[in-house]
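A short worksheet on the structure shown next.
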Amino acid sequence: MSDTKVLRLVKKSEGDQRETALAAKPAAVLPAVTPVRLPERAKSRPRKSSSSIAVAKPRERPQLSREEMLKIYRTMYLSRKLDDKEIQMKGQNRIFFQISGAGHEAILVAAGMCLKPGYDWFYPYYRDRALCLQLGMTPLEQLLQSVGAEADPASHGRQMPSHWGHKKLNIVSQSSPTGTQLLQAVGCAEAGYRVKLIKELKKRVRNFRNDEVVYVSLGDGTTSEGEFWEALNTACNLRLPVVFLCEDNGYAISVPVEVQTAGGDISRLIRGFPNLFIQRCDGTDALESLAVMRRAVDNCRKNRGPSFVHAKVIRPYSHSLSDDERLYRRPEERTADAEHDPLKRFGALLIQEGVIDEEGLQHLKDEVEREINEAADLALASPQPAAETATKFVYSPDVDPTSKDFDNEDGVELLNRCLHTEMKRDPRVIVFGEDIADCSREESLDKVKGKGGVFMVTANLQREFGSARVFNTPLAEANIVGRAIGMATRGLKPVVEIQFFDYIWPAMHQIRNELALLRWRSGNEFSAPLVMRVPVGGYLKGGAVYHSQSAVSIFTQIPGLRVVYPSNALDANGLLRTSIRCDDPVLFLEHKHLYRQAYNKSPYPPDDFMIPFGKAKTVRAGTDISIITYGALVQRSLVAARQAEPQGISVEVIDLRTMSPYDWNAIAESVKKTSRVIVAHEDSLSWGYGAEIAARISSELFAHLDAPVRRVAALDTFVAYAPKLEDAILPQAADVFAAITDLNAY
């Protein structure tokens with residue numbers, strides 16, 4: 001059954017009364033109501049949308065008790081004063097960075113009131129201090145991050161202030177890159193969606209609820225990022241329960257919204273998205289914000305699809321303490337914002353309606369400031385992390401893929417077989433990417449052979465395990481990896497495919513700044529173990545520039561990422577199984593030229609066959625020269641070694657198999673035996689992976705060398721289309737043989 005069909009059944013079973021009506025509309029927009037007047041702001045910004053900020057109708061005003069009204073103000077004031085305290089501490093050089101949420105407090109407290117900490121999931125951005133306070137984070141916890149204390153629950157001293165995270169509250173560790181959280185939030189919501197579709201998962205995973213909501217926030221500037229549009233596209237396509245909150249303060253640092261956004265109004269631009277419930281509000285009005293957020297969250301809670309709240313707010317302070325807004329904002333504009341301050345507005349409302357008097361309000365403020373001062377003293381006295389903890393949690397402390405637990409080696413079909421057996425073993429394994437399904441239109445499945453990936457590695461997986469577990473994605477690599485991170489954070493095991501290594505670069509942001517860093521930056525509070533399968537390499541005869549890249553060293557330089565590169569089908573089977581059962585993110589590289597080579601065939605191994613990471617293989621023993629290699633150069637090195645044998649040269653060939661980690665002990669043992677070494681790889685010579693191996697051999701094994709370390713690699717250029725050029729650019733067996741004879745004669 002397809003995703004769409006099953007989802008409809010899920011909706012129906014949950015009593016979704018509005019499904020038909022909503023599906024018929026391209027977007028649900030808050031009806032036009034009385035606009036709020038912001039005359040000075042409107043004059044200072046040439047954007048049409050200023051007059052279209054809607055307020056809640058009088059009958060929609062939330063009915064709140066006196067205690068609830070006062071609590072709203074207290075949380076807003078607490079948020080503002082924490083900003084002020086950090087600014088003071090930064091001026092005293094007691095903290096090292098500050099970025100405030102001032103002017104955003106009303107909409108954020110409203111959002112926190114509508115959502116459930118520890119039940120719903122949260123992907124905030126750096127202005128969301130008030131949201132985190134409303135959800136239950138304490139002033140002390142926020143100030144512990146400011147001072148870089150080990151006790152900071154967000155990162156244990158690893159992240160700068162206002163990078164929110166809290167395991168108990170389901171606030172997922174936040175990073176600095178703009179907008180990367182959006183696709184992860186979609187993946188987080190999609191994990192719940194998949195659990196509803198996959199019967200076996202309900203017994204294997206915990207903390208999924210039928211009506212859970214995923215909150216993700218962003219500034220107006222972030223709507224210019226491509227990942228914003230990718231996230232909306234998938235959320236709407238799958239009708240996921242994601243609340244997107246755009247906190248529009250009119251500026252991305254110094255760039256005004258009319259320069260960022262065509263027409264200056266993002267909610268008008270996104271109206272064409274189907275199943276998207278769009279709401280607009282004056283985000284400086286706490287009661288209007290609460291009414292709008294209730295509608296938005298309720299829409300998601302009832303599984304009607306995503307909601308988008310466009311909240312107009314202000315930014316009374318500069319972007320951060322590293323910025324001075326006086327350099328680009330007129331005094332009149334800043335004054336107009338100050339007059340629309342949410343704290344002033346709500347405080348005045350409380351007094352006007354008799355909820356509290358001036359004296360009582362001042363007493364509340366004094367109480368808040370005492371609490372903050374006490375928390376600041378405690379935070380400043382809290383110790384920073386010990387220096388020796390710096391390298392903790394780069395990888396999982398619980399599962400070691402280099403251990404004997406993954407070593408039962410003594411015992412394009414083997415990759416497919418491994419995926420089949422692992423999917424059968426573990427229902428958490430989800431496979432997706434571009435063109436990897438047999439056929440997205442299930443009604444055609446019995447009439448077509450099926451695609452199963454451009455190299456057929458995923459053939460028949462959809463037929464056997466269904467469209468809920470094996471499915472195609474948009475042609476968007478960041479979308480694939482970002483969604484996978486969100487799913488892995490929730491406990492699923494995504495095995496995703498990037499169709500060609502040459503097109504992995506749009507996902508680099510997600511891989512480098514999010515996937516590899518999540519465990520470390522959160523101090524092991526969050527992680528995202530997943531596998532990225534990527535066809536790589538040249539020797540294709542016709543692959544040319546954009547189907548032959550091998551820039552592997554770019555990824556081996558990333559801490560937190562395991563990099564695997566088998567040279568044959570049997571190793572690929574065992575290493576892929578280890579990758580899936582590993583607790584870290586893995587880049588699994590499959591050389592395209594090796595998919596169909598006759599020498600690459602092997603009988604099926606046992607279903608639990610595994611090879612540990614960091615265990616090289618001596619594929620040819622020798623005594624005179626060692627060749628350290630991997631991937632397609634293994635076979636070429638073997639050919640060259642056989643050619644050298646009649647000349648009396650005994651060559652040992654070591655296949656690294658995994659590149660991060662790599663087997664230094666095997667390298668050292670071989671070099672000590674032969675005293676001569678060649679490092680051979682398909683990537684370019686300069687700045688390549690071989691340079692690190694050669695440098696370490698020269699540094700640590702110099703006394704054992706009888707000759708300089710030699711390298712054989714591709715030219716420092718790109719791979720050409722013409723066969724003669726390709727042969728000249730990529731290292732051939734003849735190049736390896738020449739290096740062998742030259743080094744032997746040294």
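Below, each value reflects all heavy atoms present in this structure, side chains not excepted, and no hydrogens, waters or symmetry copies.
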key: CA sep, side-chain torsions, deciding dist, call: L343, Y73, side-chain contact (heavy atoms from CB on, under 4.5 Å)   = CA-CA 7 Å; L343 274 178; Y73 183 83; 3.9 Å; yes
ask   = Does any N or O in the side chain of N524 come within less than 3.5 Å of the main-chain N or O of F393, such that one atom is a donor and the other an acceptor?
value = no
inquiry  = Parallel, tilted or perpendicular, judged at 30° and 60°: which one describes the rings of Y125 and H104?
reply    = tilted
ask   = Do the side chain of R158 and the main chain of G523 share a donor and acceptor less than 3.5 angstrom apart?
value = no
note = So CD of Q181 and SG of C188: to nearest 0.5 Å the spacing works out to 12.5 Å
query = Is there a donor-acceptor pair closer than 3.5 Å between any side-chain N or O of T234 and the backbone N or O of A231?
reply = no
message = Can you confirm whether P241 sits close enough to V214 that some side-chain heavy atom of one is under 4.5 Å from a side-chain heavy atom of the other?
response = no
ask   = Would you say the side-chain atoms of R304 and N299 include a donor-acceptor pair closer than 3.5 Å?
value = no
request  = Cation-pi check, R490 to F208: give yes when NZ or CZ is under 6.0 Å from the six-membered ring centre and within 45° of the ring axis, no otherwise.
outcome  = yes
task = Can you measure from SG (C246) to CG (L218) and round to the nearest 0.5 angstrom?
result = 4.5 Å
task = Establish, from distance only, whether the side-chain atoms of S224 and Q260 form a donor-acceptor pair under 3.5 Å.
result = yes
message = If you define the side chain from C-beta out and look only at heavy atoms, does anything of T178 sit under 4.5 Å from E225?
response = yes
key: Side chain proximity check, M137 to L131, heavy atoms < 4.5 angstrom   = no
query = Quick one: does S173's side chain get under 4.5 Å of L518's, heavy atoms only?
reply = yes
query = Just wondering, do N303 and R239 contact through their side chains at under 4.5 Å, heavy atoms?
reply = no
inquiry  = One thing to verify: whether R315 and D337 come together as a salt bridge, which I'm taking to mean a side-chain N less than 4.0 angstrom from a carboxylate O.
reply    = no
message = Could you report the tightest heavy-atom contact between A296 and V309, atom names first, then the distance?
response = CB-CG2, 3.5 Å
key: Lys/Arg N to Asp/Glu carboxylate O, R127 vs E247, below 4.0 Å   = no
query = Ion pair present between K302 and D298, side-chain N to carboxylate O less than 4.0 angstrom?
reply = yes
key: The single option from L169, V172, L135 passing side chain to side chain contact (heavy atoms under 4.5 Å, CB included) against F122   = L135
inquiry  = With no hydrogens and no angle check, just 3.5 Å: does a side-chain donor-acceptor pair link E227 and Q510?
reply    = yes
key: Heavy-atom closest pair, residues A528 and L515   = O-CD1, 3.4 Å
request  = Please tell me if the side chains of I266 and F308 come closer than 4.5 Å, counting only heavy atoms from C-beta onward.
outcome  = yes
message = Does atom CD (E353) have a neighbourhood of more than 12 heavy atoms from anything else shown, all under 6.0 Å?
response = yes
key: Polar side chain donor-acceptor pair, H156 to E525, under 3.5 angstrom   = yes
ask   = Do you see a donor-acceptor pair shorter than 3.5 Å between the side chains of D211 and Y119?
value = yes
Rounded distance [0.5 Å steps], OG in S318 versus CD1 in I99 = 10.5 Å
ask   = Side chain of T489, backbone of I485: donor and acceptor closer than 3.5 Å?
value = yes
task = Classify the side-chain pair R280/S267 by whether it contains a donor and acceptor separated by less than 3.5 Å.
result = yes
inquiry  = Is there a side-chain contact (heavy atoms from CB on, under 4.5 Å) between L143 and M89? Walk through the geometry before answering.
reply    = CA-CA 10 Å; L143 290 170; M89 294 166 76; 4.3 Å; yes
Lys/Arg-Asp/Glu bridge criterion (N-O < 4.0 Å) met for R329, D324 = no
Donor on one side chain, acceptor on other, Q142 and D152, under 3.5 Å = no
message = Side chains of K365 and Q362: any donor to acceptor distance under 3.5 Å?
response = no
message = What I want to find out is whether K344 reaches D341 closely enough, with some N-O distance under 4.0 Å, to be called a salt bridge.
response = no
inquiry  = Does either side chain, that of D128 or that of Y215, offer a donor lying less than 3.5 Å from an acceptor on the other one?
reply    = yes
task = Can you measure from OG1 (T223) to CG (D248) and round to the nearest 0.5 angstrom?
result = 8.0 Å
query = Is it true that the side chains of N513 and S175 contain a donor and an acceptor less than 3.5 Å apart?
reply = no
request  = Go through the side-chain N and O atoms of H163 and Q174 and say whether any donor and acceptor fall under 3.5 Å apart.
outcome  = no
request  = Side-chain contact test, heavy atoms from C-beta onward, threshold under 4.5 Å: evaluate it for E369 versus Y77 and give yes or no.
outcome  = yes
key: Donor-acceptor contact below 3.5 Å, side chain N233 vs main chain N479   = no
key: Between Q184 and E514, a side-chain donor and acceptor under 3.5 Å   = yes
query = Can you check side-chain contact (heavy atoms from CB on, under 4.5 Å) on I278 and H310, steps first, answer last?
reply = CA-CA 8 Å; I278 302 174; H310 186 183; 5.7 Å; no
Distance (rounded to the nearest 0.5 Å) between S289 OG and L108 CG = 9.0 Å
task = Looking only at non-hydrogen atoms, find the nearest pair between P256 and S254 and report the distance.
result = CD-O, 3.3 Å
Full working for side-chain contact (heavy atoms from CB on, under 4.5 Å) between L269 and W229 = CA-CA 11 Å; L269 289 186; W229 298 91; 4.1 Å; yes
ask   = Between R74 and E367, is the closest basic N to carboxylate O distance under 4.0 Å?
value = yes
ask   = When you measure from the side chain of E68 to the backbone N and O of S65, does any donor-acceptor pair fall under 3.5 Å?
value = yes
message = Would K167 and F526 count as a cation-pi pair here, with the cationic atom under 6.0 angstrom from the ring centre and within 45° of the axis?
response = yes
ask   = With R129, which of E141, E105, E86 fulfils salt bridge (Lys or Arg N to Asp or Glu O under 4.0 Å)?
value = E86
ask   = Would you say the side chains of D282 and H340 form a donor-acceptor pair under 3.5 Å?
value = yes
key: Other residues, nucleotides, ligands: >12 heavy atoms within 6.0 Å of K116 NZ   = yes
ask   = Can you tell me how far OG1 of T138 sits from CG of L378, rounded to the nearest 0.5 angstrom?
value = 10.0 Å
Salt bridge flag under 4.0 Å for residues D265 and K312 = no
message = If you count heavy atoms of other groups shown closer than 6.0 angstrom to CD of Q92, is the number above 12?
response = yes
query = Is the shortest side-chain N to carboxylate O distance from R209 to D120 below 4.0 Å?
reply = no
message = Could you check whether any side-chain heavy atom of S217 comes within less than 4.5 Å of a side-chain heavy atom of Y123, counting everything from C-beta outward?
response = no
message = Over 60° means perpendicular and under 30° means parallel, so tell me whether Y251 and Y328 are parallel, tilted or perpendicular.
response = tilted
Exam field: side chain S527 to backbone P529, donor-acceptor pair closer than 3.5 Å = no
ask   = D84 and R80: salt bridge (Lys or Arg N to Asp or Glu O under 4.0 Å), yes or no, with the steps?
value = CA-CA 6 Å; D84 293 342; R80 181 69 61 87; over 6 Å; no
query = Side chain of T389, backbone of P385: donor and acceptor closer than 3.5 Å?
reply = no
